[in-house]
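Data block below; observations after.
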Amino acid sequence: RTHPGLLDVAVTGRPDPVYGSVLVAHVVVAEDGPSDEELLQWARKRLGPHHRPREVRRVEELPRNATGKVLRRVLAGEVTVEELDEEDLL
(Lines give C-alpha, C1' and ligand atoms only; values in the text may rest on other atoms or scores of the structure.)
Protein backbone atom coordinates (compact mmCIF):
# COMPACT_ATOMS: atom_id res chain seq x y z
CA ARG A 1 0.00 0.00 0.00
CA THR A 2 2.95 2.31 -0.02
CA HIS A 3 2.65 3.04 -3.74
CA PRO A 4 1.13 6.53 -4.01
CA GLY A 5 -1.06 5.53 -6.97
CA LEU A 6 -2.91 2.79 -5.06
CA LEU A 7 -5.94 3.32 -2.87
CA ASP A 8 -6.22 -0.30 -1.74
CA VAL A 9 -4.66 -3.68 -2.50
CA ALA A 10 -5.09 -7.34 -1.61
CA VAL A 11 -3.11 -10.36 -2.79
CA THR A 12 -4.39 -13.84 -3.59
CA GLY A 13 -2.90 -16.87 -5.27
CA ARG A 14 -3.86 -18.60 -8.49
CA PRO A 15 -2.84 -22.01 -9.81
CA ASP A 16 0.14 -22.09 -12.13
CA PRO A 17 1.27 -25.13 -14.15
CA VAL A 18 4.97 -24.37 -13.64
CA TYR A 19 5.20 -23.00 -10.08
CA GLY A 20 2.10 -24.56 -8.52
CA SER A 21 0.70 -21.14 -7.63
CA VAL A 22 1.59 -17.49 -8.21
CA LEU A 23 0.54 -14.26 -6.53
CA VAL A 24 -2.09 -11.93 -8.01
CA ALA A 25 -2.42 -8.33 -6.79
CA HIS A 26 -5.98 -6.99 -6.80
CA VAL A 27 -5.64 -3.21 -6.83
CA VAL A 28 -7.88 -0.17 -6.50
CA VAL A 29 -6.00 2.48 -8.45
CA ALA A 30 -6.28 6.24 -7.89
CA GLU A 31 -7.36 8.45 -10.75
CA ASP A 32 -4.46 8.79 -13.20
CA GLY A 33 -2.75 5.95 -11.34
CA PRO A 34 0.06 3.74 -12.62
CA SER A 35 -0.23 1.14 -15.36
CA ASP A 36 -0.13 -2.56 -14.54
CA GLU A 37 3.42 -2.78 -15.88
CA GLU A 38 4.52 0.16 -13.71
CA LEU A 39 3.10 -1.60 -10.65
CA LEU A 40 4.90 -4.85 -11.51
CA GLN A 41 8.19 -2.96 -12.01
CA TRP A 42 7.67 -1.16 -8.69
CA ALA A 43 7.14 -4.53 -6.98
CA ARG A 44 10.25 -6.02 -8.66
CA LYS A 45 12.40 -3.27 -7.13
CA ARG A 46 11.03 -3.66 -3.61
CA LEU A 47 9.97 -7.29 -3.10
CA GLY A 48 11.81 -10.58 -3.19
CA PRO A 49 11.00 -13.09 -5.94
CA HIS A 50 8.63 -15.16 -3.79
CA HIS A 51 6.77 -12.10 -2.51
CA ARG A 52 6.05 -10.22 -5.71
CA PRO A 53 2.85 -10.61 -7.74
CA ARG A 54 3.04 -12.01 -11.26
CA GLU A 55 -0.27 -10.46 -12.28
CA VAL A 56 -2.27 -7.30 -11.53
CA ARG A 57 -6.06 -7.23 -11.60
CA ARG A 58 -7.83 -3.88 -11.30
CA VAL A 59 -11.03 -3.75 -9.25
CA GLU A 60 -13.29 -0.82 -8.37
CA GLU A 61 -13.35 -1.88 -4.73
CA LEU A 62 -12.27 -4.83 -2.64
CA PRO A 63 -15.08 -7.04 -1.34
CA ARG A 64 -15.22 -6.89 2.46
CA ASN A 65 -17.26 -8.46 5.22
CA ALA A 66 -19.10 -6.54 7.94
CA THR A 67 -15.93 -6.09 10.00
CA GLY A 68 -13.88 -4.82 7.05
CA LYS A 69 -11.91 -7.98 6.35
CA VAL A 70 -11.16 -8.56 2.65
CA LEU A 71 -13.05 -11.53 1.20
CA ARG A 72 -10.09 -13.13 -0.56
CA ARG A 73 -12.04 -16.18 -1.73
CA VAL A 74 -14.35 -13.83 -3.65
CA LEU A 75 -11.36 -12.03 -5.20
CA ALA A 76 -9.78 -15.32 -6.21
CA GLY A 77 -13.00 -16.37 -7.92
CA GLU A 78 -13.55 -19.40 -5.69
CA VAL A 79 -16.99 -18.20 -4.57
CA THR A 80 -19.37 -15.30 -5.11
CA VAL A 81 -20.63 -13.07 -2.31
CA GLU A 82 -24.06 -14.65 -2.74
CA GLU A 83 -22.61 -18.13 -2.08
CA LEU A 84 -21.07 -17.14 1.25
CA ASP A 85 -22.98 -17.99 4.39
CA GLU A 86 -23.79 -15.46 7.09
CA GLU A 87 -20.82 -16.52 9.23
CA ASP A 88 -18.36 -15.66 6.41
CA LEU A 89 -19.83 -12.17 6.11
CA LEU A 90 -19.38 -11.31 9.82
Side-chain angles (χ1 to χ4, degrees):
R1 289 188 193 153
T2 61
H3 192 287
L6 294 183
L7 301 176
D8 210 355
V9 63
V11 178
T12 62
R14 73 161 167 78
D16 182 83
V18 176
Y19 300 108
S21 67
V22 293
L23 297 177
V24 177
H26 303 268
V27 298
V28 180
V29 181
E31 192 173 317
D32 298 326
S35 70
D36 294 353
E37 186 55 37
E38 288 172 324
L39 289 173
L40 291 173
Q41 287 177 7
W42 183 88
R44 271 187 223 110
K45 291 178 184 177
R46 290 165 178 79
L47 301 172
H50 299 308
H51 295 108
R52 72 176 73 123
R54 300 292 187 252
E55 181 181 337
V56 173
R57 294 183 186 168
R58 292 171 179 254
V59 295
E60 290 193 22
E61 67 178 340
L62 297 176
R64 297 183 183 273
N65 67 11
T67 61
K69 184 175 179 181
V70 174
L71 299 171
R72 294 179 192 279
R73 290 175 40 207
V74 173
L75 280 176
E78 296 174 12
V79 297
T80 64
V81 173
E82 292 78 24
E83 293 174 326
L84 295 174
D85 59 27
E86 189 174 321
E87 188 173 298
D88 290 325
L89 297 172
L90 296 178

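Quick note: residue numbers are just sequence positions, from 1. These numbers were taken from a predicted model, which means no experiment stands behind them.
The 12-atom threshold is not exceeded at CD of Glu61, counting heavy atoms of other residues, nucleotides or ligands nearer than 6.0 Å.
One distance of note links CG of Leu40 with CD of Glu55; it measures 9.0 Å at 0.5 Å rounding. The distance from atom CZ of Arg54 to atom CZ of Arg14, rounded to the nearest 0.5 Å, is 10.0 Å. For the atom pair CG of Leu39 and NE2 of His3, the computed distance is 5.0 Å after rounding to the nearest 0.5 Å. In this structure, OG1 in Thr12 is found 12.5 Å from CG in Leu71, a value given to the nearest 0.5 Å.
For Glu60 against Val28, the heavy-atom pair with the smallest separation is O-CG1, 3.6 Å. Across all non-hydrogen atoms, the minimal contact from Val18 to Asp16 is N-OD2, 2.9 Å. Taking every heavy atom of both residues into account, Gly13 and Ala76 meet most closely at O-CB, 4.4 Å.
Under the side chain to side chain contact (heavy atoms under 4.5 Å, CB included) test applied with Val70, the options Asn65, Leu75, Asp8, Val9 reduce to a single match, Leu75. When Arg46, Lys45, Arg44 are each tested for a side chain to side chain contact (heavy atoms under 4.5 Å, CB included) with Trp42, only one passes: Arg46. Just one of Leu23, Val11, Leu47 meets the side chain to side chain contact (heavy atoms under 4.5 Å, CB included) condition when paired with Arg52; it is Leu47.
Note on Val59 and Val24: separate hydrophobic clusters, where clusters join Ile, Leu, Val, Met, Phe, Trp and Tyr whose side-chain heavy atoms are under 4.5 Å apart, directly or indirectly.
Although no hydrogens or angles enter the test, the distance criterion places no donor-acceptor pair under 3.5 Å between the side chain of Arg73 and the main chain of Glu78.
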